[in-house]
Amino acid sequence: MSYSVGQVSGFTGITVRALHHYDKAGLLSPSDRSPAGYRLYSDTDLARLQQILFYRELGFPLDEIATILADPQANVLDHLRARHRLLTDQITKLRRLVEVAEHAMRVQQTGVELTPEERFEVFGEVTFDLTYATQAHLKWQHHEGHQHSMARAAAHSKEDWAQLMAEAADWRQRLLTAFDTGEAPDGPPAMDLAEEHRQHITRWFTPCPTDMHTRIADDFTTDPRAFALLVPPTEQRPGLASYLHTAVHANAVRQSPDGAE
């Protein structure tokens, strides 16, 4: 049987324009013509079209499809393997893009509603890596304390954030001084700094009991993003994260009525 361009377009879903393009490219030319000169496709043509569509679905460019179909001896498996590698790489890239998109969506849930310009103006060099905040949100989103913290953060104005960061910067300098001058991490000055940090969280975000504070401090030594929220990388010293971790745990013991965390 023979089929017109319109008929082939109708039952394959390929546009007439695409069929004409395949013809001009020498990829698929109708085998016959009607008495009026219209293109007619045979069953053999349709079988070739099916092959073309198969390769197109896999993303092969038309010239490579033409090469495969033109050479009966062509090693189709090699072409398919190469396409498989390319598709696998594309899938990897798309997954990364999906992660970026999901991160962007989660950022909207963190409660930090400043514009990028305002964030830069307020936070300055402090690496305010929202991936850490968003992961915390996903982990603790159903906990009342975290919900309270997000609500407080969302209510902060630009001026609030500026004051918060100014307090944090002053505290950070005093922490660096204690570390640089050799104050013991479990000594009173270091523990006082740890307690001040705990009160800072309570004042600006959510009540922070000592057990919560020690969990936060545990991240300082395992996740660089967490510690970068307190001390930008350019100001960090080797051992500083562990120093603050020890101070927080020592302060928790000091604050506990029975002297234990």
Side-chain angles (χ1 to χ4, degrees), residues 110-112 114 118-137 139-140 143 145-146 148-150 152-153 156-261:
T110 63
V112 181
L114 304 180
E118 289 174 330
R119 284 196 188 112
F120 182 79
E121 179 183 346
V122 170
F123 298 115
E125 194 182 355
V126 173
T127 306
F128 200 77
D129 189 337
L130 289 177
T131 59
Y132 179 75
T134 55
Q135 287 180 0
H137 174 78
K139 182 177 181 180
W140 303 106
H143 289 249
H146 181 74
H148 182 262
S149 177
M150 291 299 96
R152 288 284 306 281
H156 290 339
S157 65
K158 175 183 173 181
E159 291 71 23
D160 291 332
W161 283 109
Q163 182 181 346
L164 182 161
M165 294 304 294
E167 290 179 7
D170 175 72
W171 172 88
R172 183 168 65 251
Q173 291 306 311
R174 288 184 283 115
L175 171 69
L176 293 173
T177 298
F179 180 81
D180 291 341
T181 57
E183 291 284 356
D186 57 353
M191 287 191 290
D192 289 347
L193 286 165
E195 176 62 16
E196 188 176 336
H197 178 256
R198 186 174 75 89
Q199 295 299 333
H200 178 86
I201 295 172
T202 297
R203 183 165 59 257
W204 287 104
F205 297 104
T206 188
C208 182
T210 55
D211 60 334
M212 176 180 172
H213 198 213
T214 55
R215 289 197 301 271
I216 293 172
D218 289 343
D219 278 354
F220 296 160
T221 57
T222 59
D223 193 331
R225 299 170 304 171
F227 192 56
L229 292 175
L230 299 183
V231 182
T234 56
E235 296 183 24
Q236 291 180 13
R237 282 82 155 143
L240 182 60
S242 295
Y243 180 89
L244 181 57
H245 174 270
T246 299
V248 168
H249 279 264
N251 181 62
V253 173
R254 181 177 67 169
Q255 298 294 327
S256 176
D258 58 1
E261 288 191 43

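The analysis underlying the following values was restricted to heavy atoms, covering all of them including side chains, and did not include hydrogens, waters or symmetry mates.
One distance of note links CZ of R172 with NE2 of H197; it measures 11.0 Å at 0.5 Å rounding. Distance CZ/F220 to CG/L229: 8.0 Å, rounded to 0.5 Å. How far CZ of F227 is from OG1 of T221: 10.0 Å, rounded to the nearest 0.5 Å. Expressed to the nearest 0.5 Å, how far CE of M191 lies from CD of E183 amounts to 11.0 Å. Between the CG atom in D192 and the CG atom in N251 there is a gap of 7.5 Å [rounded to 0.5 Å].
Under the 4.5 Å side-chain criterion, counting only non-hydrogen atoms from C-beta, T210 is not in contact with V253. Looking at heavy atoms from C-beta onward, D180 lies in side-chain contact with R237 at the 4.5 angstrom threshold. P207 is not listed as a side-chain neighbour of M212, based on a closest heavy-atom distance of 4.5 Å or more.
Looking only at distances, a side-chain donor or acceptor of T177 sits under 3.5 Å from a matching main-chain atom of Q173. When atom types are taken as modelled, the side chain of Y243 and the backbone of L175 share no donor-acceptor pair closer than 3.5 angstrom. The backbone N or O of R198 sits less than 3.5 Å from a side-chain atom of T202, completing a donor-acceptor pair. No donor-acceptor pair closer than 3.5 Å links the side chain of S242 to the backbone N or O of G239.
I216 and C208 get closest at one heavy-atom pair: CD1-SG, 4.2 Å. The heavy-atom pair separating A247 from A190 by the smallest distance is CB-O, 3.7 Å. Considering every non-hydrogen atom in both H200 and A168, the closest pair reads CE1-N, 4.4 Å. Listed here is the closest heavy atom pair of H213 and I201: CD2-CD1, 4.1 Å. In plain terms, the two heavy atoms of L193 and R174 that are nearest each other are CD2-NH1, 3.5 Å. Shown here for W171 and L244, the closest heavy-atom pair between the two residues is CH2-CD2, 3.8 Å.
Residues D218 and H249 bring a donor and an acceptor atom of their side chains to less than 3.5 Å of each other. Judged by distance alone, the side chains of E195 and Q199 do bring a donor and an acceptor atom under 3.5 Å apart.
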